[in-house]
Amino acid sequence: MTGDTTRLIQQLAGNVQPVRPLRRPWMRTVAWLAVSIPYVAIIVLVLTPRHDLILKLSETRYIVEQIAALAAGMGAAAAAFASTVPGYNRKFLILSLLPSIGWLGTLGHGCIRDWLQFGIGGLTIEPDWMCLPAIALIGALPAITISVMLRRGAPLTPHLTSALAGLAAAGLGSFGLRCTESHDAGIMVLVWQVGSVVLLSALAASAGRNLLNWRSISSASEGTVR
Amino acid sequence: MAVIQTTAEDRRLADLMQAAQSGDASAYAQLLEEIAPRIRRIVRAHWRFLGAEDVEDIVQDVLLSLHAVRDTYDPQRPFMPWLLAITRNRLADGARRYTRRESQEVHLEDWTVTFARNDANSTKETYGDLDALRHAIQALPEGQRTAIEMLKLREMSLKEAAAACGMSIGSLKVATHRAMTALRKMLGNEQ
């Protein structure tokens, strides 16, 4: 063993502090939801819930789509947390993304139903420019919270982890948005809401290495070493 | 293969890691001392072309990374897959760093111009006919002339010269080397 490495080992061992092992990804997801859901509820109240919300809660299609959006956010969050644990089974990532596929499936099914019911008119896309900022606003605190939580992990796949974190936060944002506005046409939700979620996830992915990198994590821990 | 561990061996390392997470310095030192040679073997097996210094850099990177994220180890899970995931990740980063550095460096076959060797600083480098030397320098291509003027006549450092003329340090070295060779030829001092 070279002298430098031996010295490094002595330094690391000499300054080692007790650490609490990270909780399992799904437990961290629950902790994240515990912070995020109340915030989403508050923002929905501030933005004013949709007038027909009670009526909508008895509508199977709305309930299924909302559960799917929520599950997509939760699954993506669990996958993001799992992706920062070295040696974690990568199959878990795929499993966690299944709710997202389910969410797209329910929206696609809604589009087909609209088309069958209203013809081509049921697939009309109207501008909804407030969708993106609204999802960003509702997903802001969940995004900040998950970013902070992910920094207590290994930045093994920073772009993928950030994309999943973006998907998680934007999924919650989309869930919240549908509690406030009355756009129910499948194609509108698919294009504007899912489009916004994908865009926000892509933006998060592009910032991955800035948010999560070994340099910042190592320097934080080296404070106790060097 | 070195990376395959028996379950008992893995359990022992996992116990050491668990003790390290509790703040046991001697268990941590023992763990790091035991895994360092394994990491070194893995690095060498993956990147045979790396020199000893580069291998050691990556080993130290892995140890620092392991230290930084030691709270991500779950004592209920095997230790070696956790360590290997970190090692593979740092290996990939190390390879990217190595490739980037190699692509930015200029390798010279003859370093006598910049090395502090006797022949690089011999009396042959002094020349009596200053007019002929001045003319020879003027006859050099612009980049080589600039390099000679800044580094040899004005005795600027490579860094200062690079900042002043906008050339990279590598280009300055190459230009200086070529200029010196050309000057020797022109002044009849070709070796």
Side-chain angles (χ1 to χ4, degrees), chain A residues 1-28 81-93 149-161 209 212-226, chain B residues 10 14 16-40 52-53 55-90 92-94 96-97:
Chain A
M1 200 178 295
T2 69
D4 280 352
T5 304
T6 307
R7 267 195 300 281
L8 176 67
I9 290 174
Q10 286 164 354
Q11 258 185 324
L12 293 175
N15 293 285
V16 70
Q17 301 289 326
V19 289
R20 185 170 50 81
L22 279 184
R23 292 199 173 90
R24 298 273 169 89
W26 67 267
M27 288 180 73
R28 301 186 78 200
F81 288 126
S83 71
T84 63
V85 178
Y88 211 88
N89 192 342
R90 298 288 156 198
K91 284 178 189 165
F92 184 83
L93 299 183
M149 290 176 80
L150 286 170
R151 287 178 68 80
R152 268 200 77 198
L156 300 170
T157 52
H159 296 296
L160 174 66
T161 303
R209 213 167 271 280
L212 307 165
N213 57 69
W214 284 105
R215 209 179 319 117
S216 59
I217 288 176
S218 294
S219 57
S221 74
E222 275 175 49
T224 61
V225 178
R226 290 182 174 172
Chain B
D10 192 277
L16 286 174
M17 186 66 204
Q18 194 174 356
Q21 285 180 324
S22 309
D24 184 337
S26 62
Y28 195 34
Q30 188 187 341
L31 175 78
L32 297 180
E33 277 164 12
E34 285 197 29
I35 62 173
R38 299 172 197 220
I39 298 168
R40 195 172 293 118
E53 206 173 301
V55 169
E56 222 48 43
D57 277 352
I58 296 178
V59 171
Q60 290 174 17
D61 256 359
V62 174
L63 293 177
L64 280 168
S65 303
L66 177 154
H67 180 78
V69 299
R70 62 193 187 282
D71 57 352
T72 63
Y73 175 66
D74 179 350
Q76 306 301 315
R77 299 175 70 85
F79 176 78
M80 281 312 287
W82 180 81
L83 174 65
L84 284 176
I86 296 173
T87 306
R88 273 197 300 270
N89 188 267
R90 301 310 284 149
D93 284 349
R96 272 195 290 272
R97 209 165 46 233

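Keep in mind it's a predicted model, so treat the numbers as computed, not measured.
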Would you indicate whether the side-chain heavy atoms of [Y] and [X] approach each other to under 4.5 Å?
X: Q76(B); Y: R24(A); value: yes
X: D74(B); Y: V85(A); value: no
X: V16(A); Y: R70(B); value: yes

If you round to the nearest 0.5 Å, how far is [atom2] of [Y] from [atom1] of [X]?
X: I9(A); Y: L63(B); atom1: CD1; atom2: CG; answer: 5.5 Å
X: Q17(A); Y: D71(B); atom1: CD; atom2: CG; answer: 13.0 Å
X: E53(B); Y: D4(A); atom1: CD; atom2: CG; answer: 9.0 Å

(request) Could you tell me which residues satisfy side chain to side chain contact (heavy atoms under 4.5 Å, CB included) with T84(A), sequence neighbours excluded, listed by chain and number? (result)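 Per chain and number, T84(A) pairs via side chain to side chain contact (heavy atoms under 4.5 Å, CB included) with R28(A), L150(A), T161(A).
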(request) Could you tell me which residues satisfy side chain to side chain contact (heavy atoms under 4.5 Å, CB included) with P158(A), sequence neighbours excluded, listed by chain and number? (result)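 Only R209(A), L212(A) meet the side chain to side chain contact (heavy atoms under 4.5 Å, CB included) criterion with P158(A).
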Can you tell which part of [X] gets under 4.5 Å to a heavy atom of chain A, answering side chain, backbone, both or neither?
X: P78(B); value: neither
X: A27(B); value: neither
X: R88(B); value: neither

(message) Testing the basics here: between T5(A) and E56(B), what is the closest heavy-atom pair and its distance to 0.1 Å?
(response)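 Nearest heavy atoms, T5(A) then E56(B): OG1-OE2, 2.6 Å.
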(request) Identify the heavy atoms of W214(A) and S65(B) that sit nearest to each other, and give their distance. (result)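 The pair with the smallest heavy-atom distance is CZ3-CB, 3.2 Å.
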(request) Just give me the residue among P18(A), G14(A), P155(A) that pairs up with chain B most often, heavy atom to heavy atom, under 4.5 Å. (result)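 That would be P18(A).
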(request) Would you mind telling me which of P86(A), P21(A), A13(A) has the largest number of heavy-atom pairs within less than 4.5 Å of chain B? (result)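 Of P86(A), P21(A), A13(A), P86(A) has the most heavy-atom pairs under 4.5 Å with chain B.
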(request) Give me the one residue out of V69(B), T72(B), N89(B) that meets side-chain contact (heavy atoms from CB on, under 4.5 Å) with L156(A). (result)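 Exactly one option meets the side-chain contact (heavy atoms from CB on, under 4.5 Å) with L156(A), and it is N89(B).
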